[in-house]
Amino acid sequence: MKTNGLKLSALALSVTIALTGCIDGDDGAQGAQGPQGETGQQGVQGETGTAGENGNVALINLVELGESADCIDGATRIDAGVDANGNGTLESGEVQSSTTMCSAAARTSAMLAAGAQIKFDPVAAPETNFEKRQIMTGQAKAVNGDSVQQINASYNILARSGDQYGDTVFGQLIDKDGQPFFTEDGERIVVNSNEFTSLVPIGDRLFSVSQMESRPGAMFLMELNQNKLNGELTVKDMWQLDMSDIDGGWVHCAGSVTPWNTHLASEEYEPNARNTTPSSSMVAYLGGNDADWNPYFYGWPIEIAVDASKTVPDSELTKHYSIGRLAYELEYVMPDQKTVYLTDDGTNVGLYMFLADKEGDLSAGTMYAMKWNQTSAEGMGAADLTWINLGHATSAEIEPYVRGNKKVTFNDIFMTEEPVDGKCSAEFTSINAGGNGQECLKLVEGMDKVASRLETRRYAAMMGATTELRKEEGITFAEDKGKLYLAMSAIERGMEDGKKSGVKNDAYDLGGSNDIKLDGYNSCGGVYQLDVAANAEIGSEYVATNISGLIQGIPAHKDYGPESSIQKNPEAFDNSQNKCHIDGLANPDNVTYMSGHNTLIIGEDTGSGHQNDVIWAYDFDKETLTRIQTTPYGAETTSPYWYPNINGWAYLMSVVQHPYGESDETMSTNTGENRAYTGYVGPFPAKAE
């Protein structure tokens, strides 16, 4: 159990934004217009004058203010002026005007009626340079029969990478001894890779765990203030979590909150243990000695339990070696508190399910891998699903092989040989998993259980499971529908039949089972739906039985789909920068179901699919897709997550990762706008039970 708590100093949120023009003074009253004279002859053009010096940049500064008699829900003061000294900061002596705006959050204590549903009005796709630099949201309303109530759907910032709370800098990277990393120039290393951020209410306190998608990984614990009148959230305290007891963290992608109120984090793109080259960033974290590197340290689910019994809370971090090692996008626990779905991101990956022995305890259980039994090759495809048992294990059994006295390497688990003409010899099993191409493997005697956890994907492929999915992302469950919803960022490669983007290429099927054989491909991706039902043999009420397409993106460029599938964008949107149609999905990443509102939220992580990534709302009643949030150039929408009721308020968490980082890097003005955003859309009134 580790804590790393530092008391937060008082801080007013301040954001500085560079504008494209200078601020003019007020205009005088307009006089009466005189009669127009005759046009005179045009004179001779004079010589071009020398260029003048660049003008000063105009800046605005946003200062969050507390409650007052005039603004009972708080306010924002907008200071405006010219950066006279050119230091990029609007100083007090440079302020030319100030305006105070009361908070737009609706002051209401009324919860929504049980029959009401939140519906969204769209925000337009960004067209102008100004719009492409913003976080924009649409409008929302609560609809209950003929009654329509407008409700708040604004984006609210909790923290941005680089914000400092006491001695804690949000997004900083530290080593195993808690010391920050610095560049050669002496600058503290702060990443803009903000990712999944939970809300964890405990008693009368509200906490949030926020993770960074970095190497080494980083996690931060926040205590939040919740305004009881309008639901607004603000940061009260922040601490950086000590991860040294679990050998540090690795590429924390998406996550979830368990039914027993803990934060469940991921480690994505686990290091390939067949490759013996150490990770330099993790060696630095561990102390600088290559001998301390172990690829099996990383690629596990991490559970964070917050102990709120003290003023400065404790946090217990646990890696669940019982579950298995994958390129985790996220782990999602079902309502029975035992069945867990595990999504595996990358090329030639699979879908997995874990059944815990006990409710609310992930330390022991049985692992299963999905088998795709295709029933349709059209569009996104369809299949009946069966589940291959990979065996039972406990964390106590597996941990010694990872970090104890039984520590193993890849060669302690498998024997290998090179394939000849696409075939393995009789004693070896041919697989194609994890983007490694064809491999010929043979288990070392007695290593079945170890292989099932340390090399879960390879072992599953050897047992006959399907490892052909491409860019499998987030998953969520709609209990009222009995369905899981699974995002697939791209439908291509291993999901085709011996092709890559429609062209013959057996690299992704050679040596594998080739279970998925779709007629076409769609590099814009889509969202699948999976029915769940009781399975007595497995012992769960929530076993996925089939899979089919719900909605997919529309290619707008020849690189992203067959010619027959392409629909060009309107003229305002460059098809080379928006290779998926602007009014459809582009590489869906994470999904969350708005329980009680019949709406699926879908976030994007796209490079060239859309120039500006989007969060969408899919309305099951109307079967329509509505754009509800857009992000700045080069950003990614990470881990939208719905919280239906926290003290009478609902929240849609939304993190905007690495602005100007994935594309359009040259559009950054290098004035801090590339700092990531951790925040939420709302707050919304919760529904009455």
Side-chain angles (χ1 to χ4, degrees), residues 118-126 131-141 151-158 194-199 213 253-256 329-330 473-476 485-489 524-527 550-554 578 580-595 597-607 609-620 624-644 650-659 662 676-684:
I118 294 173
K119 300 296 180 184
F120 293 94
D121 295 325
V123 59
E131 292 171 343
K132 291 178 180 181
R133 295 180 180 276
Q134 311 304 311
I135 298 176
M136 300 194 300
T137 58
Q139 301 294 315
K141 54 185 177 288
I151 54 177
N152 179 41
S154 61
Y155 184 74
N156 299 275
I157 302 169
L158 285 176
N194 306 23
E195 241 291 353
F196 176 69
T197 300
S198 61
L199 295 179
E213 193 173 11
C253 196
S256 63
E329 178 72 16
L330 63 75
E473 306 288 354
I475 194 167
T476 192
Y485 296 98
L486 173 66
M488 204 72 64
S489 189
C524 296
V527 176
L550 174 70
I551 185 170
Q552 61 181 322
I554 305 168
N578 296 280
C580 303
H581 197 279
I582 202 71
D583 291 325
L585 299 177
N587 309 120
D589 185 41
N590 269 285
V591 291
T592 186
Y593 182 65
M594 289 180 61
S595 52
H597 302 281
N598 209 25
T599 295
L600 182 70
I601 301 297
I602 307 169
E604 293 182 346
D605 175 11
T606 181
H610 285 158
Q611 187 176 25
N612 295 83
D613 286 23
V614 174
I615 292 182
W616 301 91
Y618 180 80
D619 187 330
F620 284 100
T624 55
L625 200 61
T626 299
R627 184 186 302 103
I628 66 171
Q629 182 184 329
T630 66
T631 60
Y633 288 117
E636 170 190 341
T637 69
T638 66
S639 298
Y641 205 88
W642 175 249
Y643 295 87
Y651 302 88
L652 176 60
M653 294 302 290
S654 169
V655 177
V656 179
Q657 189 184 83
H658 57 61
E662 195 168 61
Y677 302 79
T678 293
Y680 61 93
V681 177
F684 307 96

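Residue numbers count from 1 along this sequence. The structure presented is a predicted model; accordingly, all values stated were derived computationally and were not measured.
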(request) State which residue, out of T599, V591, L625, T626, fulfils the side-chain contact (heavy atoms from CB on, under 4.5 Å) condition with W616. (result) L625
(message) V123 vs T137, test: side chain to side chain contact (heavy atoms under 4.5 Å, CB included). Steps then yes/no.
(response) CA-CA 6 Å; V123 59; T137 58; 5.8 Å; no
Does [X] use its side chain to pair, donor to acceptor, with the backbone of [Y] at less than 3.5 Å?
X    : Y    : result
R133 : P632 : no
Y485 : V527 : no
H610 : N612 : no
Y155 : S654 : yes
N587 : S489 : yes
E473 : N590 : no
T637 : E604 : yes

(message) Pairing donors with acceptors under 3.5 angstrom, does anything connect the side chains of E195 and S639?
(response) yes
(request) Step by step, work out the side-chain hydrogen bond (donor to acceptor under 3.5 Å, both in side chains) result for Q134 and T630. (result) CA-CA 8 Å; Q134 311 304 311; T630 66; over 6 Å; no
(message) For I601 and Q629: C-alpha separation, side-chain torsions, deciding distance, then whether side chain to side chain contact (heavy atoms under 4.5 Å, CB included) applies.
(response) CA-CA 11 Å; I601 301 297; Q629 182 184 329; over 6 Å; no
Can you name the nearest heavy-atom pair linking [X] to [Y], along with the distance?
X    : Y    : value
H658 : A676 : N-CB, 4.0 Å
P588 : C524 : CD-O, 3.3 Å
R627 : A124 : NH1-C, 3.8 Å
A617 : F120 : CB-CD1, 3.8 Å
A586 : T606 : O-CB, 3.6 Å
P659 : A635 : CA-CB, 3.8 Å

Side chains of [X] and [Y], heavy atoms from C-beta outward: is any pair under 4.5 Å?
X    : Y    : result
F196 : V655 : no
L330 : C253 : no
D605 : E662 : yes

When rounded to the nearest 0.5 angstrom, what distance separates [atom1] in [X] from [atom2] in [Y]?
X    : Y    : atom1 : atom2 : result
D613 : Y633 : CG    : OH    : 13.5 Å
L600 : L550 : CG    : CG    : 7.0 Å
M594 : I118 : CE    : CD1   : 4.5 Å
I554 : I582 : CD1   : CD1   : 11.5 Å
I602 : L585 : CD1   : CG    : 5.0 Å
H597 : F684 : NE2   : CZ    : 8.5 Å

(request) Kindly indicate, with the supporting measurements, whether the criterion side chain to side chain contact (heavy atoms under 4.5 Å, CB included) is fulfilled by T592 and L652. (result) CA-CA 9 Å; T592 186; L652 176 60; 4.0 Å; yes
(message) For a side chain to side chain contact (heavy atoms under 4.5 Å, CB included) check, start with the C-alpha distance between V681 and I628, then their side-chain angles and the critical distance, and finish with the verdict.
(response) CA-CA 10 Å; V681 177; I628 66 171; 5.9 Å; no
(message) Looking at Q139, I'd like to know if its CD atom is crowded, meaning that more than 12 non-hydrogen atoms belonging to other residues, nucleotides or ligands lie closer than 6.0 Å.
(response) no
(request) If the plane angle is over 60° it's perpendicular, under 30° parallel, otherwise tilted; pick one for Y643 and Y641. (result) tilted
